[in-house]
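Data block below; observations after.
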Amino acid sequence: MLVEVALPRPISRTFTYSVDADVAEGTRVLVPFGPRRLIGWVVARTDRPPDAAVRPVRRILDDGVPPQLLRLCRWIADYYVAPLGLVLRSALPNALADTNRPQAPVRTRRVLVLTDDLPSLRRRDEVFARARRQRELFELLESMGGRAEVVHLTDRLHFSYSVLRGLESKGIARFDDEEQVRDPFAGSSVAKGPLPPLTAAQDAAVRALAGAVRAPPRSGSRSAPFLLHGVTGSGKTRVYIELLKQVVRRDGRGAIVLVPEIALTPQTVSRFQASFGDDVAVLHSALSDGERYDAWRALRDGRKRIVVGARSAIFAPIPSLGAIVVDEEHESSYKQSEAPRYHAREVAVMRARLEDAVCVLGSATPSLESWHNTAVGKYRILELPERIEGRPLPEVRIVDLRVKADAAGSPDGAAAQSPRSSGHVLSPLLARAVQDRLKRGEQTILLLNRRGYATFVQCRSCGDVWQCEHCNVSLTFHRGRRRLVCHYCFHEEPAPTHCERCGSGDLSFRGLGTEQVERSVAETFPGARIARMDVDTTSGKWAHHEILGRVERGEVDILLGTQMIAKGLDFPRVTLVGVVNADVGLNLPDFRASERTFQLLTQVAGRAGRGDLGGEVIIQTALPGHYAVHHAVTHDYAAFAERELQERQSPAYPPLARLANVVLSGLEEEAVQEAAASVAAATLDEVARRRAPVELVGPAPCAIDRIRKRWRWHFLLRSGSARALGMVCHWIQETRTPGGRGELRLIIDRDPVALL
Ligand SMILES: [Zn+2]
Ligand SMILES: [Zn+2]
């Protein structure tokens, strides 16, 4: 028999192998590939006579792809123009693609198991005469249900190994290997208290979802997505939990809950654990490959029915899927930045449709794509317009950074005490507000979405700016390490003391970053306990956990950081949120810059006033009139969306058009430029030949035109028709393999979330 096998290689075709058993689609196989061996998946049986000598499959492996996932992966491969083998590779746990260990590892533990229960006391006395420790061990095992792990008995309970062997030699117990399920979250669920009654809006949302759960199968009214638009603090998680109670508890089906990043949303995760206990598998990014594989099998075999995880959890092999929840659906981390460049939210919508599951996308600041889909009737909207327990949204005030801070304007403020350090970081208004919180023992969150100390270093005499030698970006000064760092390729060099071009020692370190905010805030408020949370302080496996734990226990007065601190945190003692500079992302050459800024400001503002103490937000900006800032101040998502949709009409950008970004890169600038021009010209011809309603914009250098030594050019394909756009993308992928000088590469990014 001949089969087509998809291999995890960047090649769009499949490969033919022979196999002497009857294998189903989705079977995992070990095959020869050139001089190597690879793990692949049978995706079709074929009777087409092969053009060359066909090699046989080396080995048929277990743990194949469940059929429903194979179907989903085929859709992804087609829509995102990615090789099916690569899609399968990223949909499955690493352990299943390891050619060195083709049968995925199952960790076992050695246990001692009772085989004789010695019913009468007299027999026990006979058997254990002069063997007190053996009798103690016997009775302990009995009390533990007849089995215990060997290391537990020897290391923790201090039985010597000879005592264990004594029971074995008497035929009363035997040693055994049993599979150990690695679950670092087991037993970590929070004790449940009774949940508070639902608000009227929550109740209405839950009823609408219940209606969908009970809708007739395959009627469409089950799987048409819901957009749950709830302001920050309105209790979206509670709505998800009520939905899952119906799906999992009542109907015995499974559910997927996607969150942007587990480490940043520990509170959301623990609420699911509190409600569903051991039914929940948490796919934390810190899990080992073995732990991830264990969770995968527990879900596939129905031992756990709910998965909570980031992007790739959308591929959880849940056999009878009843619901998918995508929390914070606007987050760009749901889009994978390497092939396959899928968007987990869109994959969720497709999976729900394929498996007839209820699908809920939730956010306080929905993506314009999802919002637009409610306007055109594709998605159903559910609104939670108010916070729970009648709490008000925090009051938001603006500090205009263009107005020079005037010492006379702050007669007794804390800032006046230390004007130099706080002058360019915290305005007098914000500094006074922080001081008030310190006095009252409340907590403050300060956001600046830029890490490092200074984002560029410039020579004051000749104007030279230090740039990365591999990328066209300026280097960021990290004061703690006294180094310049490239945030794109991680190149580092020692911080300069003088200019290499003109020799001047007069250097300016400019562009405020979180490290500098930390230093300045520490100088302004000497007694305050400050924690900084950004990529630089959270490299350890459990670093997020540790910092957020300290905030939760009240050991931190001021939490400052990048966008990491804007997601989902719920600390009742945070009564002040300060945005150090709202304009950081606003001027990026990307059509989503305003949307991102609005989302970030609204989300971080939402961290304030979640308890009974009320909340206040102060935003520092040089662009107070910008609509992204203005509508965040008034908490008016609908007004923002209306304005932003106008901005995207002409030229049309998503959601009013579909885009694909075609990027060419290579080591030689000229070769890249030529290749971009030639692929674009050929694409234009093909578009004309097919009369496809697709527009081509460019080619032009990318906004960052060199990264990791590779020059980058791109062009955009724009269309109102997803089908036409897909057709043209496939044509490029299949016919335009760039060759020639300088390692040319071509990538196609469909529905890009960033155009830099
Ligand atoms: Zn100079
Ligand atoms: Zn670099």
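Whatever order the structure lists them in is the order used to number ligands and atoms, beginning at 1.
- The aromatic rings of Phe640 and His631 sit perpendicular, their planes meeting at an angle over 60°, well past the 30° parallel limit.
- Under the 6.0 Å distance and 45° angle rule, Arg718 counts as a cation-pi partner of Tyr653.
- Listed for the Thr683 side chain is a donor-acceptor partner under 3.5 Å among the backbone atoms of Val679.
- Protein contacts to the Zn ion (ligand 2) involving N, O or S atoms at a distance below 2.8 Å are Cys468 SG, Cys471 SG, Cys486 SG, Cys489 SG.
- Arg519 and Tyr453 share a donor-acceptor pair across their side chains, judged by distance under 3.5 Å alone.
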Side-chain atoms of residues 492-499: list all donor-acceptor pairs with protein atoms under 3.5 Å, sequence neighbours left out, distances to 0.1 Å.
unit_1: Glu492; atom_1: OE1; unit_2: Arg483; atom_2: NE; d: 2.7
unit_1: Glu492; atom_1: OE2; unit_2: Arg481; atom_2: NH1; d: 2.7
unit_1: Glu493; atom_1: OE1; unit_2: His491; atom_2: NE2; d: 2.8

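- Around the Zn ion (ligand 1), the protein N, O or S atoms closer than 2.8 Å are Cys459 SG, Cys462 SG, Cys499 SG, Cys502 SG, listed by chain and residue number.
- The main-chain N or O of Ala622 is found under 3.5 Å from a side-chain atom of Asp583 such that the two form a donor-acceptor pair.
- Under the rule for a side chain to side chain contact (heavy atoms under 4.5 Å, CB included), the partners of Ser332 that lie at least two apart in sequence or sit in another chain are Arg596, Val753.
- Arg592 and Glu369 are joined by a salt bridge, as a carboxylate oxygen and a charged side-chain nitrogen come within less than 4.0 angstrom of each other.
- Remark: the Asn449 side chain and the Thr562 side chain contain no N/O donor-acceptor pair separated by less than 3.5 Å.
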